[in-house]
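I have placed the structure first, in the form of structure tokens, so that the comments after it can refer back to it.
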Amino acid sequence: MKRSRLRLFRTTSLTISLLAVILLLITVFVIAYMGVASVTDTVTTTVDSGSSYDQLNQIKSHYNNLTSQYDDLNERLGTSPDTTTKTTFNEGKIKLSEANQTIAEIESSINNGESQDDINDLISTANSQLEEAEGVYNNIST
């Protein structure tokens, strides 16, 4: 009788030890998986935001060039251009202002880690606004 109790105790303690080791291994694997997933997500986000920063810099450069062209055009038009030209000029300046606001939104979105699709939408909006402002500039300057 003593032997069967001893054997039962030994079997039970071995089973509990085995379960503890299995649970410990599962915990380690889950924590390792979460760590790898976090690092992978960080690397992916960094790569995506890097290309977004490149596009943002191109848009800023285009905006700055267009702004200087508008400043030169304003000086060439003088103080009293005809009303149609002045109205068209002001529409172009409004497009530039909208593009500047969109550029600020892009920068904020990148810094806040928003989705790449949202950032790409803002980039295409800024590009179209700059193209419209450039078209207005070309109509006036020709």
### Query
Under the side chain to side chain contact (heavy atoms under 4.5 Å, CB included) criterion, do T88 and T85 qualify, and how do the steps go?
CA-CA 5 Å; T88 307; T85 305; 5.8 Å; no
If two hydrophobic side chains count as joined below 4.5 Å and joins carry through other members, does [X] share a cluster with [Y]?
{"X": "V136", "Y": "I94", "result": "no"}
{"X": "M34", "Y": "I26", "result": "yes"}
{"X": "I22", "Y": "L14", "result": "no"}

| request: Any chance you could lay out the side chain to side chain contact (heavy atoms under 4.5 Å, CB included) test for I119 and Q55, step after step, and finish with the verdict? | output: CA-CA 10 Å; I119 293 171; Q55 290 175 336; 5.7 Å; no
Using 0.5 Å steps for rounding, measure from the [atom1] atom of [X] to the [atom2] atom of [Y].
{"X": "R76", "Y": "N74", "atom1": "CZ", "atom2": "CG", "answer": "10.5 Å"}
{"X": "N100", "Y": "L66", "atom1": "CG", "atom2": "CG", "answer": "11.5 Å"}
{"X": "T15", "Y": "L18", "atom1": "OG1", "atom2": "CG", "answer": "7.0 Å"}
{"X": "Q129", "Y": "Q101", "atom1": "CD", "atom2": "CD", "answer": "8.5 Å"}
{"X": "S124", "Y": "E131", "atom1": "OG", "atom2": "CD", "answer": "10.0 Å"}
{"X": "K93", "Y": "N90", "atom1": "NZ", "atom2": "CG", "answer": "9.0 Å"}

Closer than 3.5 angstrom, by distance alone: can the side chain of [X] be matched with the main-chain N or O of [Y] as a donor-acceptor pair?
{"X": "T12", "Y": "L8", "value": "yes"}
{"X": "S61", "Y": "N57", "value": "no"}
{"X": "T102", "Y": "E98", "value": "yes"}
{"X": "T125", "Y": "D121", "value": "yes"}
{"X": "N64", "Y": "K60", "value": "yes"}
{"X": "D118", "Y": "E114", "value": "no"}

Would you say the side-chain atoms of N65 and Y70 include a donor-acceptor pair closer than 3.5 Å?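 No - no donor-acceptor pair under 3.5 Å links their side chains.
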Taking only residues two or more places apart in sequence, or in another chain, which ones meet E134 in a side chain to side chain donor-acceptor pair (under 3.5 Å)?
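Side chain to side chain donor-acceptor pair (under 3.5 Å) list for E134, sorted by chain: H62.
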So do [Y] and [X] actually touch side chain to side chain, heavy atoms under 4.5 Å?
{"X": "I59", "Y": "N127", "answer": "yes"}
{"X": "N111", "Y": "Y53", "answer": "yes"}
{"X": "I16", "Y": "L19", "answer": "no"}

Subject >> Y137 ring center within less than 6.0 Å of F89 ring center >> reply: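 No, the ring of F89 stays outside the 6.0 Å limit from the ring of Y137, centre to centre.
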Open item on the list: For a side chain to side chain contact (heavy atoms under 4.5 Å, CB included) check, start with the C-alpha distance between L56 and I123, then their side-chain angles and the critical distance, and finish with the verdict.
Closed with: CA-CA 7 Å; L56 177 63; I123 287 172; 6.0 Å; no
Where do A126 and A99 come nearest, in terms of heavy atoms and distance?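 Smallest heavy-atom distance, with atoms named: O-CB, 4.5 Å.
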